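Naming: A, B, ... by sequence-line order, numbering from 1 per chain. Note that this is a predicted model, so its numbers are computed, not measured.
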There are 2 protein chains.
Amino acid sequence: MADRSSKAEEILDTAEAMARESGFSGFSFREIATAVGIKSASVHYHFPTKDDLGVAMVQRYTDRFMATLGEPDDPARTPDRAFRDYVAAFAKAAVEERKMCLCGMFGAEILGLPLTVASETRRFFDLNRQWLKVLLARFGIDDAEDQDGKAFAIIATLEGALLLSQAYDDPTAFERAVAGLGILNQRDDSR
Amino acid sequence: MADRSSKAEEILDTAEAMARESGFSGFSFREIATAVGIKSASVHYHFPTKDDLGVAMVQRYTDRFMATLGEPDDPARTPDRAFRDYVAAFAKAAVEERKMCLCGMFGAEILGLPLTVASETRRFFDLNRQWLKVLLARFGIDDAEDQDGKAFAIIATLEGALLLSQAYDDPTAFERAVAGLGILNQRDDSR
DNA sequence: GTCTATAATTTGATAGAC
DNA sequence: GTCTATCAAATTATAGAC
């Protein structure tokens with residue numbers, strides 16, 4: 001896709017990890033440089049400005065996230081299974097990575113972001129909504145407004161569950177929040 | 001409570017507004033000073049360090065928020081009504097103020113906060129969970145684990161709905177997320 | 001690609017006069 | 001309470017050598 005050098009990927013790894021813990025202002029070129037073993041001027045060689053770095057971070061995060069989801073209407077996967085996979089994508093952030101969703105973090109502080117990064121952040125949510133709409137149609141939810149509301153509700157709950165996991169530094173907060181949700185439990189028997 | 005001067009309140013107003021848009025690193029003593037018409041050294045007179053300011057911001061926000069909620073077991077208010085009031089407290093942030101919840105913002109970036117501010121932020125969520133548990137008991141939900149899960153799910157959805165409203169700069173995102181949620185619609189007839 | 005060196009700006013914070 | 005003056009550190013970013 002972007003065909004980046006391995007050093008550029010290392011930079012993105014580090015910047016993403018830092019941003020998912022403390023936001024866009026939560027990392028600096030110097031910190032990243034130290035972490036990957038180069039100087040800050042060399043980071044600027046790969047990503048001239050912080051805007052550029054921010055955009056690349058969100059694009060890579062979004063591409064990876066959507067790729068792990070697969071297609072919502074893949075006939076090889078039941079709707080129930082696809083929905084569980086969707087929840088699992090967020091659970092991974094809470095349990096394995098113990099970090100916020102990058103776009104959830106940027107979404108909250110979007111008014112303080114460069115416009116290019118803000119725009120790319122909204123794209124993440126647009127793609128998620130579209131993916132969920134296709135899936136909800138397979139559940140027999142055909143009304144567009146209904147699909148829209150349910151998609152928003154699902155994303156909100158999962159992003160909020162991640163937020164609580166961060167606040168408490170406790171992955172079980174994510175699990176408890178999701179387990180306590182009716183929408184998800186309706187299909188608890190389908191595993 | 002804190003018995004602060006009106007200038008200190010002005011400072012807190014400004015800092016809160018800025019933090020709810022772009023986080024803890026999203027405001028500086030100089031910006032605040034300019035906004036309230038004094039110099040940054042004078043801001044330090046009221047709040048010696050940024051830690052102090054952050055703690056005061058969260059304490060005041062939490063106190064105000066819990067005060068508007070009232071008592072969850074006030075017999076003068078039906079459980080349905082109390083729950084609607086709870087949702088309305090978050091809706092106010094999305095629709096009237098068009099800002100993130102201060103503690104939702106700080107919760108997401110909690111790993112980048114001073115420990116004192118982080119601790120105060122968790123208190124906000126502790127108080128919210130306790131309030132909801134008392135309310136859920138009135139709905140006949142007596143199992144403690146059940147109460148806990150549902151409380152987490154409700155807070156997660158509302159904080160996540162605020163996050164989406166910020167990301168899209170659109171209060172209707174909050175409303176759509178909440179409307180699409182089964183847990184809330186079950187009692188749609190009780191208004 | 002990475003470095004040294006450096007510029008311009010911003011940040012949190014303090015000392016001391018009024 | 002507010003000011004001027006100042007500080008040390010950090011930030012994003014650039015120029016130019018290797």
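Cation-pi geometry between A:R129 and B:Y168 is met: the NZ or CZ atom falls under 6.0 Å from the ring centre, inside 45° of the normal.
When distances run from any side-chain atom of A:A41 to the nucleotides D:dT4, D:dA15, D:dA13, the shortest one goes to D:dA15. The nucleotide whose nearest atom lies closest to any side-chain atom of B:R30 is, among C:dG12, D:dA13, C:dC3, C:dG12.
Rounded to a whole Å, the CE atom of B:M18 is 10 Å from the P atom of C:dT11. Separating the CG atom of B:D51 from the C1' atom of C:dA13 is a distance of 12 Å, rounded to the nearest angstrom. The NE2 atom of B:H44 sits 15 Å away from the C1' atom of D:dG1 (whole-angstrom rounding). Distance, B:H46 NE2 to C:dG12 P: 17 Å, rounded to whole Å. The distance from atom OH of A:Y45 to atom C1' of C:dA5 is 20 Å, rounded to the nearest whole Å.
Under the rule for a ring-ring contact (aromatic ring centres under 6.0 Å, His included), the partners of B:F27 that lie at least two apart in sequence or sit in another chain are B:F24. Residues forming a side-chain hydrogen bond (donor to acceptor under 3.5 Å, both in side chains) with A:Y86 (at least two apart in sequence, or on another chain): A:N128.
Nucleic acid contact for A:F29: sugar-phosphate only, since backbone atoms but no base atoms lie under 4.0 Å from a heavy atom of the residue. Residue B:S42 is classed as a base contact, given a heavy-atom separation below 4.0 Å to a base. Nucleic acid contact for A:F47: none, since no nucleic acid atom lies under 4.0 Å from a heavy atom of the residue.
Put simply, B:S5 has a side-chain N or O that comes within less than 4.0 Å of OP1 or OP2 on D:dG1. Taking 4.0 angstrom as the limit, B:K39 places none of its side-chain polar atoms (N or O) nearer than this to OP1 or OP2 of D:dT2.
Between A:F65 and A:F90, the ring planes lie perpendicular to each other; the angle is over 60°, past the 30° to 60° tilted range.
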